[in-house]
Amino acid sequence: AGRVESRGREGGVETPLPTSGPRGAHCHLTEKENQIRATGARSRFPKNITNKRGVSMNYESALEYIHAVQWAGHKPGLSRTRTLLAALGDPHKKLRFVHVAGTNGKGSTAAMLASCLQAAGYRVGLYTSPFINRFNERIQVNGEQIPDDALVRLVERVRPAADAMADVPTEFEIITALGMLWFAEEKCDIVVLEVGLGGTLDSTNVIDPPECAVITALGMDHVKELGPTIADIAAAKAGIIKPGSPVVSYGGVPEADAVIARVAREQNAPLTVVDLSRLKVEGGDLDAVTFDFDGLDGVHLPLIGSYQPKNAALSITALRVLRGRGWNIPDSAIRTGLERVSWPGRFELLRHSPAFLLDGSHNAHGMRATVQSLRDRFPGQKFVFLLSIMADKDVGEMLALLLPLAKRFVTVAAHTPRAMPAETLAEHIRARGGKAEAAADIPAGVARAVELGGDGPVCALGTLYFSGDVRQAFARLTAE
């Protein structure tokens, strides 16, 4: 058996995929964590863990344990997560959830929902993936990341239960258990739970019927895991629809909408499709986009992507469904929550002038939305793109979207085995008539893109995996 990456992807994990080298898991890693993986990653069994029982872990060894390399043979399914949670006292049974699945916009929608619920006075858990700067971002309560000491303590609690299992849990399953323990310990009123990948077999899907299931925009991604058609992908996402539990869907893709409607009928789950005809975008600049939706007028959303008002409309619709179930969420709280929301690495402006943008779009569906935002916010301008793309993505389609807006490209490889080598990506661009040069590493790429950009805009995009490194490199460069 070879080492595996637990479902290499932008987000959560479940089925193993072969990889070379230490696992380039579904999250951006700090340099320190990469060192830990390269030197210390090992399968999750007691005899192989450097920290012997009785010796307390520190933060680094706790992360090492979470990220430990496993061996091939994990079958997709919920049985490992259920076994692990049962050994920990089923903490998820004490919680109520809004469950969020979809191809793109999951994280932004989850962040909006959590911000609005918090503004309404609830204690709100938020579970998302991947992280941008630090692992702890994935598990938050009322906007506060899980503290390091709490994470270490919970890993020490999870580890004996996980190590005792014949079928060892994957990384994402371990993280899901950690999240459930923390949210229960923190006595969250409600948890906004983002699916890792798909829906049906995602480890978050062990929960009982949620207060609401939310399905964001659907597109073609992860076809290897979920199936080759949009109907297959919709069927996987629709796996989060539970008996009698309301569903709110973004809609807009007839073939997918039919699948979601069918599953909702089968599950007696009331379905609401967002009425985007009621959305009116009043305008947008580099600080906020202003929109009206269904009686909420003049909302100033600090997430400036042109697609974000649609995600906000989905969130508002879901919050009103929750209101119908007895949750006390006035429109004033929805407005406050949306106007305060923060979600790094998604069409995020790191500098106003000259503009430096950081975006996480990592498939053609997301790239199309980003390109529209670039046209809307920077009409008539050409960009220097700092680009890293995973080798398993539709590179050709993504480049076709970017080339008309490109002055030139600087390519880099994100720190994961799945990243296409920088020079290979540059060759793809040149073959399509673009100007491209490969940089040796991310700091060099950031510096070169800024230099080539001059007074014009620079946009770093193609993967969430390099967001933290780009942010750090840009901060260092501009501090000099």
Inset, instruction - Check whether the side chains of E173 and T170 place a donor and an acceptor atom closer than 3.5 Å, and report yes or no. - result: yes

Inset, instruction - Using distance alone, with no hydrogens and no angle criterion, decide if D394 and N363 have a side-chain donor and acceptor under 3.5 Å apart. - result: no

Between [X] (side chain only) and [Y] (backbone N and O only), is there a donor and an acceptor less than 3.5 Å apart?
| X | Y | answer |
| --- | --- | --- |
| D232 | T229 | yes |
| H67 | E171 | no |
| T336 | A119 | no |
| T424 | M420 | no |
| D202 | V195 | no |
| K106 | G102 | yes |
| T216 | N104 | yes |
| S108 | G105 | no |
| T83 | S79 | yes |
| S467 | G345 | no |

Flag the pair [X] / [Y] as yes when at least one side-chain heavy-atom distance between them is below 4.5 Å, and no otherwise.
| X | Y | value |
| --- | --- | --- |
| R418 | D392 | yes |
| C116 | L338 | yes |
| V141 | V191 | no |
| D167 | M165 | no |
| V263 | Q267 | yes |
| D149 | Y59 | no |
| T272 | S249 | no |
| L357 | E348 | no |

Legend entry - Pairwise side chain to side chain donor-acceptor pair (under 3.5 Å) hits with a residue in residues 316-330, at least two apart: E211-R325, E211-W327, D294-R320, R320-D331, R323-D331

Inset, instruction - Name all pairs fulfilling the side chain to side chain donor-acceptor pair (under 3.5 Å) condition that reach into residues 176-186, sequence neighbours left out, sorted by first residue then second. - result: R123-E186, Y127-T176, R153-E185, T176-S203

Nearest 0.5 angstrom please: [X] [atom1] to [Y] [atom2], how far?
| X | Y | atom1 | atom2 | result |
| --- | --- | --- | --- | --- |
| I146 | L178 | CD1 | CG | 7.0 Å |
| I329 | I334 | CD1 | CD1 | 6.5 Å |
| E156 | L151 | CD | CG | 10.5 Å |
| L386 | L461 | CG | CG | 8.5 Å |
| F293 | L279 | CZ | CG | 6.5 Å |
| E60 | D148 | CD | CG | 8.5 Å |

Inset, instruction - Could you go through the side-chain contact (heavy atoms from CB on, under 4.5 Å) check for Y122 and N142 one step at a time? - result: CA-CA 8 Å; Y122 290 107; N142 276 10; over 6 Å; no

side-chain hydrogen bond (donor to acceptor under 3.5 Å, both in side chains) against [X], all qualifying residues, sequence neighbours excluded:
| X | answer |
| --- | --- |
| T370 | D359, S361 |
| N268 | none |
| R157 | none |
| N205 | K242 |

Shortest non-hydrogen contact from [X] to [Y]?
| X | Y | result |
| --- | --- | --- |
| L464 | P130 | CD1-CD, 3.8 Å |
| L84 | A162 | CD1-N, 3.8 Å |
| G337 | S115 | O-OG, 2.6 Å |
| L301 | A312 | CD2-CB, 4.2 Å |
| A414 | M390 | CB-CE, 4.1 Å |
| P344 | I132 | O-CG1, 4.1 Å |

Legend entry - Those residues that, when tested against E255, pass salt bridge (charged side-chain N to carboxylate O under 4.0 Å, His left out) (two or more places apart): none

Inset, instruction - May I have the step-by-step check of side-chain contact (heavy atoms from CB on, under 4.5 Å) for V98 and I190, ending in yes or no? - result: CA-CA 7 Å; V98 177; I190 191 161; 3.8 Å; yes

Inset, instruction - Just grab all the ring pair (Phe, Tyr, Trp, His ring centres under 6.0 Å) pairs involving residues 230-252, residues at least two apart or on different chains. - result: none

Inset, instruction - Any pair with a residue in residues 79-103 that passes ring pair (Phe, Tyr, Trp, His ring centres under 6.0 Å), sequence neighbours left out, goes on the list, sorted by first then second residue, please. - result: none

Legend entry - E194/R138 ion pair, N-O < 4.0 Å: no

Legend entry - Qualifying salt bridge (charged side-chain N to carboxylate O under 4.0 Å, His left out) pairs, either residue in residues 87-102, two or more places apart: K93-D208

Legend entry - Summary of salt bridge (charged side-chain N to carboxylate O under 4.0 Å, His left out) pairs that have at least one residue in residues 258-272, sequence neighbours excluded: R262-E266

Inset, instruction - Could you please spell out the steps behind the side-chain contact (heavy atoms from CB on, under 4.5 Å) verdict for M112 and T109? - result: CA-CA 5 Å; M112 291 182 205; T109 301; 5.7 Å; no

Inset, instruction - Could I get the full list of ring-ring contact (aromatic ring centres under 6.0 Å, His included) partners for W343, not counting sequence neighbours? - result: none

Inset, instruction - Give the C-alpha distance, both sets of side-chain angles, the deciding distance and a yes or no for side-chain contact (heavy atoms from CB on, under 4.5 Å) between Y65 and M57. - result: CA-CA 9 Å; Y65 179 76; M57 290 181 164; 3.9 Å; yes

